[in-house]
A.B. asks: 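Below: one structure in structure tokens.
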Amino acid sequence: MIKVTLKDGSINEYKKGITIKEVAESISAGLARVALAGEVDGVVRDLGYKLENDCKLNLLTFDDEGGREAFRHTSSHIMAQAVKRLYPEAKLAIGPAIDTGFYYDFDVEKPFSPEDLEKIENEMNKIIKENYAIERFVLPRDEAIKFMEEKGETYKVELIKELPEDEEISFYRQGEFVDLCAGPHLSSTGKVKAFKLLSVAGAYWRGSEKNKMLQRIYGTSFPKKSQLDEYLARLEEAKKRDHRKLGRELDLFDIFEEGPGFPFFLPKGMVLRNILIDYWRQEHKKRGYQEISTPIILNEDLWHRSGHWDHYKENMYFTTIDDANYAIKPMNCPGGMLVYKRKLHSYRELPQRIAELGLVHRHELSGVLHGLMRVRCFTQDDAHIFMTTDQIKDEIKGVIELIDDFYKIFGFKYHVELSTRPENSMGTDEQWEVATNALREAMESMGMKYKINEGDGAFYGPKIDFHLEDSIGRTWQCGTIQLDFQMPERFDLTYIGPDGERHRPVMIHRVVFGSIERFIAILTEHYAGAFPVWLSPVQVKVLPILDKHHEYAKRVEQKLIENGLRVETDYRNEKIGYKIREAQLQKVPYMLVIGDKETENGTVAVRSRKDGDIGSMLLDDFVNKIVEEDRQKK
RNA sequence: GCUGGUGUGGCUCAGGGGCAGAGCAGCGCACUCGUAAUGCGCAGGUCGUGGGUUCGAUUCCCACCACCAGCUCCA
């Protein structure tokens, strides 16, 4: 007999060799029905896995990551089986579960078309209906290679050959289909109740553009049809929130063919942009930052000195002026260096926090451009902090607090990643270690959770990245804090210490919004275009019912303007329902309907974007209410 | 940059080798109206750009450009 400890801490005894599935059945039929896999002493296993020793067992359902993964992974195998039936010459690459579903990469002569997807879906339904048992088996390395070679699965052969020596090489069989796979999987194909294939895309073998491009099919799957429908509805909702669509509809910004990746901001978008910038300036002033502005074009020589020429040239634009070579800045730091170097600095002046809203240009590949999220020119809300070594930790903490304060205002969730030394970088290992540890210590002293992002630092130093979560659950890097020992060295920055000697300052590069453009895109999707009062380009729309109400409407408008509110009045000769509809579609937070009653009583009939008609109130009361909402950043 | 798809009035989209269509928006006129679309009329397009095939191309072919979905890369 063996002792099995369950999640709730209870210990049951079973005979040796009992399967996970049988344990689930012994607990309840309901649990056995929803169990998809089991976690045995921390390792996720198939339901058919035999328990041979005392262990901790955690039964996994679709609500657990491990359960979901098994479910989606099996879904991808079903898809691969269907593809092999329809296109026997297709070679299998890899087919993992991902957060939102699964994909499988195939090497095929002809790319899949949307009609092909339909055929594949139909075949998958057959496979699910046929309800094959899924069996695991293990082969020794040489047999495994031979097995896959015979099938002509060259990618699988390559994968097996690269597996570590001691790795068990497992396969899963369902009907006529066998795939190399670590598992775990569901016990049969019939368990996948609801799935949909979503898209086809090219994807490089092993993610390297040097390799052949394969055809990837994305799909998603759920135990219940209702869950699938819910997911698809969420995708639709995400489409509605797309900032590119909303940006045009709400006249915030636009991008033209004449300037791919170079966005134009329209009057309403500028209102939003300027509010963000005003707030940014105010908060930075409070925290001891000074602001500068450096040129967009600077002599190429500067970029040789900064290391950008060696490490960032591919992303830069160049130009010539009077036969001399110049570069368009992709970053603000070198300009900041020149400003620091103008004068000798005393240790008493440090830390120096120098901010710059700098417009940078970067040559991004045409295929990655995406509305305001990925552009070729954007405004970084940059700052460079020059400091002594013992000021590092406090300065980093200060920036972390600043970023947290900003994101909280907008109600964003975010997570933090620490990026370490990349391959093509400057400096010594020791410098990198000191810098990386400084960032780590600052975060740990604040009790922050973070993920390590190996090899993803800037070429001049490690960084802390802040990733905001948008409406679709995509994450976008916004804020970043980068610690840099290289630029001060390269530009021979110094300060005079208490000892009268020259010392080398350390530098932080940091942004809060990251890029104003991207931040506006994220805000737009986050609020689905319905910006809170303090950010709305138009806060109040005055809607007179008839032309005889225009005079009072004008007075209302004037009063709101006097109180610093952003207001528009619809004087057109249209029915009130029409005016409301339009204001509502423009997502104006408050509409004021002005008719006989209001004109007589000095009131306004308030309609909120969110709650509809909320009744009449005195004009003064309304003004106070909105001014207060604006002030509180609601 | 790579793979696939798309490109027709400001927007959303239909059409298709032989005079280019609709709805919304715009403009004009009428209606004076209380919480998401009043009615009638008018105007608006070299069918992304450049080549080619053809008696004739917006339609078929080629190249380029832009956009979309991914890949790779990133604020």
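All chains are named by letter (A, B, ...) in the order of the sequence lines, taking the proteins before the strands, and each is independently numbered beginning at 1. Only a predicted model underlies this, so the values are computations on that prediction, with no experimental measurement involved.
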A.B. asks: Please report the distance, rounded to the nearest Å, between OH in Tyr103(A) and C1' in U3(B).
C.D. replies: 15 Å
A.B. asks: For the P atoms, the ones on U59(B) and on G23(B), what distance do you get once it is rounded to whole angstrom?
C.D. replies: 26 Å
A.B. asks: Check the chi torsion on C13(B) and let me know: syn if it falls within 90° of 0, anti if not.
C.D. replies: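 It is anti.
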A.B. asks: Any luck finding a side-chain donor-acceptor pair between His415(A) and Glu417(A) under 3.5 Å?
C.D. replies: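 The criterion, which ignores hydrogens and geometry beyond distance, is satisfied for Glu417(A) and His415(A).
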A.B. asks: Produce the list of close N/O pairs, under 3.5 Å, pairing protein atoms with atoms of nucleotides 22-25 of chain B; give distances to one decimal.
C.D. replies:
unit_1 : atom_1 : unit_2    : atom_2 : d
A25(B) : OP1    : Tyr578(A) : OH     : 3.2

A.B. asks: Does a donor on one side chain and an acceptor on the other come within less than 3.5 Å for Arg216(A) and Tyr218(A)?
C.D. replies: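 Yes, Tyr218(A) and Arg216(A) have a side-chain donor paired with an acceptor closer than 3.5 Å.
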A.B. asks: Would you give the length of the straight line joining atom NZ of Lys463(A) to atom CG of Asp484(A), rounded to the nearest 0.5 angstrom?
C.D. replies: 13.0 Å
A.B. asks: Taking both distances under 3.5 Å as the test for a Watson-Crick or G-U pair, what stems of at least three pairs does RNA chain B have?
C.D. replies: B:1-7 with B:65-71, B:10-13 with B:21-24, B:26-30 with B:38-42, B:48-52 with B:60-64
A.B. asks: When the C1' atoms of C24(B) and G44(B) are considered, how many whole Å apart are they?
C.D. replies: 14 Å
A.B. asks: So, Thr379(A) versus Glu517(A): side-chain donor-acceptor pair below 3.5 Å or not?
C.D. replies: yes
A.B. asks: Could you state the atom-to-atom distance from CG of Leu546(A) to P of C33(B) in whole Å?
C.D. replies: 6 Å
A.B. asks: Could you run down nucleotides 69-75 of chain B 5' to 3' and tag each one B, S or - for protein heavy-atom contact under 4.0 Å?
C.D. replies: SBBBBBB
A.B. asks: Could you give the NZ-to-P distance, from Lys240(A) to U12(B), as a whole number of Å?
C.D. replies: 17 Å
A.B. asks: P atom, A14(B) versus C60(B): distance in rounded Å?
C.D. replies: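 Straight-line distance between the two P atoms is 15 Å.
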A.B. asks: Give a yes/no verdict on a cation-pi contact between Arg72(A) and Phe102(A), requiring under 6.0 Å between NZ or CZ and the six-membered ring centre and an angle within 45° of the axis.
C.D. replies: no
A.B. asks: Would Glu153(A) and Lys91(A) pass as an ion pair if we require N to O under 4.0 Å?
C.D. replies: no
A.B. asks: Just checking Ile255(A): base, sugar-phosphate only, or nothing, at a heavy-atom cut-off of under 4.0 Å?
C.D. replies: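 No contact.
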A.B. asks: Tell me yes or no: between the side chains of Asp547(A) and Tyr571(A), is some donor less than 3.5 Å from an acceptor?
C.D. replies: no
A.B. asks: When the C1' atoms of A37(B) and C33(B) are considered, how many whole Å apart are they?
C.D. replies: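 These two C1' atoms come out 14 Å apart once rounded.
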A.B. asks: Could you tell me which non-hydrogen atom of Gly371(A) sits nearest to which non-hydrogen atom of Ile255(A), and how far apart they are?
C.D. replies: O-CD1, 3.4 Å
A.B. asks: Under 4.0 Å between a side-chain nitrogen and a carboxylate oxygen: does that hold for Lys119(A) and Asp116(A)?
C.D. replies: yes
A.B. asks: Would you say the side-chain atoms of Thr524(A) and Arg241(A) include a donor-acceptor pair closer than 3.5 Å?
C.D. replies: no
A.B. asks: Rounded to the nearest Å, what distance is computed from the CZ atom of residue Arg581(A) to the C1' atom of nucleotide C33(B)?
C.D. replies: 18 Å
A.B. asks: Asp570(A) has an atom CG; how far is it from atom P of A36(B), in whole Å?
C.D. replies: 15 Å
A.B. asks: Give one of base, sugar-phosphate or nothing for Ile580(A), where a contact means two heavy atoms less than 4.0 Å apart.
C.D. replies: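 Base contact - Ile580(A) has a heavy atom under 4.0 Å of at least one base atom.
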A.B. asks: If you measure from the P atom in G50(B) to the same atom in C65(B), how many Å do you get, rounded?
C.D. replies: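 Straight-line distance between the two P atoms is 15 Å.
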A.B. asks: Would you classify Lys597(A) as touching base, sugar-phosphate or nothing, given that sugar-phosphate means primed atoms plus P, OP1 and OP2, and contacts are heavy atoms under 4.0 Å?
C.D. replies: base
A.B. asks: I'd like the P distance from C31(B) over to G39(B), given in whole Å.
C.D. replies: 16 Å
A.B. asks: With rounding to whole Å, what would you report as the distance between C19(B) and C27(B) at their C1' atoms?
C.D. replies: 26 Å
A.B. asks: Please compare Gly371(A) and Phe112(A) by the position of their nearest nucleotide in RNA chain B and report the one closer to 5'.
C.D. replies: Phe112(A)
A.B. asks: Would you kindly give the CG-to-C1' distance between Leu585(A) and U12(B), to the nearest whole Å?
C.D. replies: 14 Å
A.B. asks: Pick base, sugar-phosphate or nothing for Glu598(A), based on heavy-atom distances below 4.0 Å to the nucleic acid.
C.D. replies: base
A.B. asks: Side chains of Ser221(A) and Lys196(A): any donor to acceptor distance under 3.5 Å?
C.D. replies: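 No, because no side-chain N or O of Lys196(A) sits under 3.5 Å from a partner of the opposite role on Ser221(A).
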A.B. asks: Looking only at atom P, what distance separates A36(B) and C61(B), rounded to whole Å?
C.D. replies: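 Going atom to atom, P in each nucleotide, I get 50 Å.
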A.B. asks: For Ile594(A) and for Ser366(A), locate the closest nucleotide of RNA chain B by heavy-atom distance; then report the residue assigned to the nucleotide nearer the 5' terminus.
C.D. replies: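 Whichever sits nearer the 5' end wins; that is Ser366(A).
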A.B. asks: In whole Å, what is the span from the CG atom of Asp547(A) to the C1' atom of C31(B)?
C.D. replies: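 After rounding, the gap between these two atoms is 12 Å.
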A.B. asks: Do you see a donor-acceptor pair shorter than 3.5 Å between the side chains of Glu629(A) and Tyr590(A)?
C.D. replies: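 Checked: Glu629(A)/Tyr590(A) side chains pair up, N/O donor to acceptor below 3.5 Å.
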A.B. asks: Considering every strand and a 4.0 Å limit on heavy-atom distances, what is the contact class for Ala583(A): base, sugar-phosphate, or nothing?
C.D. replies: nothing
A.B. asks: To the nearest Å, give me how far apart CG (Leu246(A)) and C1' (C11(B)) are.
C.D. replies: 14 Å
A.B. asks: Scan side-chain atoms only and decide if His363(A) and Asn315(A) contain a donor-acceptor pair under the 3.5 Å cut-off.
C.D. replies: no
